[in-house]
Protein chains: 2
Amino acid sequence: MATGRPHRPTTRGRGIPEATVARLPLYLRALTALSERSVPTVSSEELATAAGVNSAKLRKDFSYLGSYGTRGVGYDVEYLVYQISRELGLTQDWPVVIVGIGNLGAALANYGGFASRGFRVAALIDADAAMAGRPVAGIAVQHIDELESIIADNGVSIGVIATPAGAAQQVCERLVAAGVTSILNFAPTVLSVPDGVDVRKVDLSIELQILAFHEQRKAGEAAAGPDITDMVTPVVPPVAATRRRADDVPARPVVDGAAPHGVGDAGSGPDGSDGGRSAAMPA
Amino acid sequence: MATGRPHRPTTRGRGIPEATVARLPLYLRALTALSERSVPTVSSEELATAAGVNSAKLRKDFSYLGSYGTRGVGYDVEYLVYQISRELGLTQDWPVVIVGIGNLGAALANYGGFASRGFRVAALIDADAAMAGRPVAGIAVQHIDELESIIADNGVSIGVIATPAGAAQQVCERLVAAGVTSILNFAPTVLSVPDGVDVRKVDLSIELQILAFHEQRKAGEAAAGPDITDMVTPVVPPVAATRRRADDVPARPVVDGAAPHGVGDAGSGPDGSDGGRSAAMPA
DNA sequence: GTATCTTTGTGCACGCGTTCACAAAGGCAT
DNA sequence: ATGCCTTTGTGAACGCGTGCACAAAGATAC
């Protein structure tokens with residue numbers, strides 16, 4: 001293949017696949033650790049182990065950035081740190097605002113990983129007037145009325161939403177209207193945004209639910225013989241009219257509308273829309 | 001296709017694809033909201049919109065669980081809430097422990113999404129003796145010396161790690177040795193665990209870095225003409241010996257080892273291994 | 001009972017991401 | 001200078017996930 005050319009898998013515009021982009025920070029972290037130990041070079045094998053991925057994948061990922069390795073030797077740590085940082089846009093300094101200074105918002109403000117590595121907390125914003133002026137992580141909280149001017153004055157393009165679910169969409173719209181084009185959302189809601197705005201979602205309870213699924217699967221398999229496919233998802237006997245209907249489950253309705261409310265035991269949290277109180281904005 | 005049979009895409013054991021499992025909590029959340037508004041049924045189209053996915057995908061996802069819809073009508077909300085809850089293992093109550101009660105750990109302890117929906121915070125654990133006994137979110141923090149007995153006494157199988165990066169692997173090993181088989185890791189480290197243990201990772205700084213990448217891409221495309229492929233990733237002129245070498249980047253070394261340390265400007269955070277101080281355990 | 005209309009369930013095709021396996025590249029020893 | 005040995009870079013195959021499009025199913029109206 002042509003030696004020095006950049007690749008363009010499909011989209012043309014910067015051919016780096018999403019999956020690769022998502023791993024670059026992992027590599028960067030591992031490389032930074034090596035750099036601090038003054039390790040001059042790494043092989044793809046070593047680095048892959050440190051980053052918790054497969055070495056072939058790592059090499060292919062790097063191949064999208066260009067040819068930065070030396071055959072028979074490996075990759076130069078410092079050089080690679082620089083290249084990945086640049087590719088991720090970390091050679092510049094990104095001002096971010098955090099909206100919703102509750103427990104989570106405060107934790108984020110104190111999070112060291114933001115300050116290092118190119119991100120700077122430009123402002124902490126909360127809707128509670130009582131919070132205004134109070135210092136969190138060394139920064140005075142500002143009232144949400146000033147959101148627009150803060151964004152404009154600091155040239156903020158990345159916003160973090162750590163409000164309760166109910167407030168998230170509204171905050172999101174204000175952020176976008178003020179010029180923010182990337183949002184990291186911690187509120188358990190689906191945000192709708194115009195084209196051109198990126199949203200990434202971090203949802204604590206979803207992660208736990210996924211773990212619970214696997215935990216249950218493990219428990220089920222351990223308890224039953226290895227061939228009981230149907231412990232958890234019982235199969236209908238090849239005959240039965242409509243599917244299975246366990247004894248203690250809400251009866252499968254027949255279009256008749258208005259099923260009795262609150263029958264299932266799980267999934268009936270009394271609050272807004274599930275785990276909504278991730279962060280404050282108490283007033 | 002055979003009408004009533006469960007599917008087994010590939011793996012046989014519980015044929016539900018990972019991607020589907022990861023979306024089930026989204027559906028559940030949307031369904032819970034509908035349930036609270038006493039909406040009896042939803043069409044795949046409506047529910048898909050509420051969950052932020054495509055309706056075909058949603059229908060396919062549900063088809064892995066069985067046939068729970070009624071053609072011409074839609075899905076019964078209550079029934080579906082129950083089925084998904086059961087599939088995710090949320091009809092039982094999962095005790096979890098949170099290790100590392102710093103800013104983040106405290107935020108997690110206060111997080112409403114844990115308590116609702118089948119999860120119960122069985123204990124808060126920290127290595128700082130000064131924290132012991134102090135109540136956080138209404139629960140007294142316990143010292144890490146008691147980790148093993150807490151796990152055993154409460155039958156905990158899910159652990160949350162919110163310690164600094166440096167302590168995470170050690171805590172992880174103690175959790176696993178004590179019987180935990182699912183771990184939600186907030187520390188910015190790659191955990192190595194034996195087979196049979198599931199780890200999910202939530203990394204705040206990685207999410208930001210991914211956003212920064214897209215932000216930079218957007219900025220670059222807006223600034224340059226639509227055909228400058230190389231604004232950010234300059235290409236080597238077809239002639240040059242070794243690849244490009246910008247003016248202010250670490251020189252590409254030639255196997256000669258010991259590159260000058262700390263040349264790249266980004267990616268040289270002075271702390272442990274990048275943003276390590278997510279949570280406390282200060283002593 | 002029959003026709004019509006809505007919505008599900010899914011076969012099928014496509015594209016992305018992962019992995020294997022190997023040829024090319026380059027250092028290093030002699 | 002030559003050959004060996006290590007490690008990269010990548011072609012090619014495979015598998016999973018997504019989305020289209022439609023036939024089957026069932027409710028509803030007449």
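Numbered from 1 within each chain, the chains take letters A, B, ... in sequence-line order.
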Specify the separation, in whole Å, of atom [atom1] of [X] and atom [atom2] of [N].
X       : N      : atom1 : atom2 : value
B:Leu58 : C:dG9  : CG    : P     : 10 Å
B:Lys60 : D:dG17 : NZ    : C1'   : 9 Å
B:Leu47 : C:dT7  : CG    : C1'   : 14 Å
A:Glu18 : C:dG17 : CD    : P     : 8 Å
B:Arg23 : D:dG19 : CZ    : C1'   : 12 Å

A:Asp198: which residues meet the side-chain hydrogen bond (donor to acceptor under 3.5 Å, both in side chains) condition with it, sequence neighbours left out?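 By the side-chain hydrogen bond (donor to acceptor under 3.5 Å, both in side chains) rule, A:Asp198 matches B:Lys218.
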Pairs where residues 40-66 of chain B contributes a residue and the test salt bridge (charged side-chain N to carboxylate O under 4.0 Å, His left out) is met, not counting sequence neighbours
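Found B:Arg23-B:Asp61.
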Those residues that, when tested against B:Ala50, pass side-chain contact (heavy atoms from CB on, under 4.5 Å) (two or more places apart):
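Only B:Ala30 meet the side-chain contact (heavy atoms from CB on, under 4.5 Å) criterion with B:Ala50.
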Listed partners of B:Val190 passing side-chain contact (heavy atoms from CB on, under 4.5 Å), at least two apart: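 side-chain contact (heavy atoms from CB on, under 4.5 Å) check on B:Val190 returns nothing, list empty.
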Exercise. With sequence neighbours excluded, what pairs up with B:Tyr75 under the ring pair (Phe, Tyr, Trp, His ring centres under 6.0 Å) test?
Worked result: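 Listed in chain order: B:Phe62.
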Notebook entry, point to check: Going by atom types only, do A:Gln169 and A:Glu173 share a side-chain donor-acceptor pair under 3.5 Å?
Noted result: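 Looking only at side-chain atoms, A:Glu173 and A:Gln169 do form a donor-acceptor pair, the distance falling under 3.5 Å.
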Expected string for nucleotides 3-8 of chain D under the B/S/- scheme (protein heavy atoms, under 4.0 Å, primed atoms plus P, OP1, OP2 as sugar-phosphate) is ---BBB
(message) By nearest heavy atom, map B:Asp61 and A:Lys57 onto DNA chain C; which one lands nearer the 5' end?
(response)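 Final value for this comparison: B:Asp61.
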